[in-house]
Protein chains: 2
Amino acid sequence: MTQQLHDPLPMLPGYALRRAANACAAELSARLATLDLRQSEASVLILIGGNPGVTAAALGRQLDIQRANMVPLLKRLEEAGLIDRAPIDGKSQGLALSAAGQDRTAAAHAIIDAYEAELLARVPADHRPHLLPALAALWR
Amino acid sequence: MTQQLHDPLPMLPGYALRRAANACAAELSARLATLDLRQSEASVLILIGGNPGVTAAALGRQLDIQRANMVPLLKRLEEAGLIDRAPIDGKSQGLALSAAGQDRTAAAHAIIDAYEAELLARVPADHRPHLLPALAALWR
DNA sequence: TATTGTTATACTCTATAACTATA
DNA sequence: TATAGTTATAGAGTATAACAATA
């Protein structure tokens with residue numbers, strides 16, 4: 001039998017936020033791994049798909065990923081044949097999905113949509129409509 | 001002027017969860033750094049404070065921290081003079097806060113309480129009571 | 001002068017596998 | 001046989017500083 005601990009942490013929204021994000025991230029990561037994609041990569045693919053010709057710097061600003069961290073991320077996507085780069089001018093390059101990238105992105109989108117639906121389904125109906133607005137207020 | 005991107009991600013609760021958790025964690029981490037504490041260390045200190053004599057394994061179970069990851073964490077707290085270990089039997093050891101640990105934990109608690117209050121204050125009042133229950137449903 | 005892409009680096013968190021000793 | 005503490009290691013995310021080339 002396991003010792004019962006006095007634990008005030010679950011009553012704290014910030015702590016619950018961290019635990020919930022952690023648990024959910026682990027779940028989504030496992031599903032995306034079937035496509036050999038990480039969460040950050042999937043989000044980058046989706047954004048490139050919706051914004052062909054976007055630059056790495058613009059992606060980073062939108063997703064809050066440091067420019068420096070975009071480099072290995074994009075390199076891996078490029079080496080996997082999922083994205084193509086085309087020079088815009090001497091210093092910028094436009095990103096676009098390859099044919100394989102479009103397929104992979106569609107598959108990732110399907111996984112994410114299913115995951116998001118399950119997430120919402122887990123929340124009691126009376127709290128459900130408040131989740132997204134509350135989270136948005138914490139972040140932006 | 002900055003390019004405006006088409007970005008469906010902020011409409012997804014799971015994505016908003018990740019972004020919100022990230023933003024909030026960065027903020028709390030910066031504040032706890034003034035005490036030379038990380039979030040995980042602060043949570044461990046608080047739990048030890050409320051459960052003197054608790055074992056590392058029990059802490060790990062409660063906080064969802066792998067036993068293996070508790071080792072360096074506790075080692076750092078011990079080397080900082082914040083916790084003491086006392087053998088329970090041949091294989092377990094009970095953890096307790098030192099006097100310095102009690103002070104540091106109280107300071108951490110003050111920071112966390114202020115942070116949690118600010119967090120809630122940022123959420124519009126009509127969504128506020130739903131945040132914790134919704135998060136709890138996602139996690140447990 | 002600001003921005004893009006890049007390299008290098010480091011820290012935090014998390015995860016797994018395996019070992020020893022004890023219950 | 002299960003559990004406690006430990007070691008070693010790895011991956012993922014994030015952060016900063018710095019540099020060259022270009023706008």
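We use all heavy atoms of the structure for the numbers below, so side chains are in, but hydrogens, waters and symmetry mates are not. None of the values given here were measured: they were computed from a predicted structure. Proteins get letters first, then strands, A, B, ... in listed order; numbering begins at 1 in each.
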- request: Looking at every strand, decide which applies to A:Ser29 at a 4.0 Å heavy-atom threshold: base, sugar-phosphate, or nothing.
  value: nothing
- prompt: Rounded to the nearest Å, what distance is computed from the CD1 atom of residue B:Ile65 to the C1' atom of nucleotide C:dT14?
  reply: 10 Å
- request: Would you sort out whether A:Arg104 and A:Glu41 count as a salt bridge (Lys or Arg N to Asp or Glu O under 4.0 Å), showing the intermediate values?
  value: CA-CA 11 Å; A:Arg104 196 79 65 90; A:Glu41 292 170 340; over 6 Å; no
query: Given that A:Ser40 and A:Gly90 both sit by DNA chain D, which one's nearest nucleotide is further toward the 5' end?
result: A:Ser40
field: No-H, no-angle donor-acceptor pair, B:Asn69 side chain to C:dA15 base, under 3.5 Å
entry: yes
Least distance between heavy atoms, A:Leu47 atom then B:Pro8 atom: CD1-CD, 4.4 Å
message: Using a heavy-atom cut-off of 4.0 Å across all strands, would you classify B:Arg76 as base, sugar-phosphate, or nothing?
response: nothing
query: Of the nucleotides C:dA17, C:dT6, C:dT14, which one has an atom closest to the side chain of B:Ala68?
result: C:dA17
- line: Separation of D:dG11 atom P from A:Leu37 atom CG, nearest Å, is 17 Å
field: Presence of salt bridge, B:Arg18 and A:Asp64, under 4.0 angstrom
entry: no
message: Starting the side chain at C-beta, find the nucleotide from D:dA18, C:dC13, D:dA4 nearest to B:Arg61.
response: D:dA4
query: For the base of C:dT22, is there a side-chain donor-acceptor partner from B:Lys91 under 3.5 Å away?
result: yes
- prompt: C:dC13 P sits how many Å from B:Gln39 CD, rounded?
  reply: 7 Å
- prompt: Across the strands shown, which category fits A:Arg38 at heavy-atom distances under 4.0 angstrom: base, sugar-phosphate, nothing?
  reply: sugar-phosphate
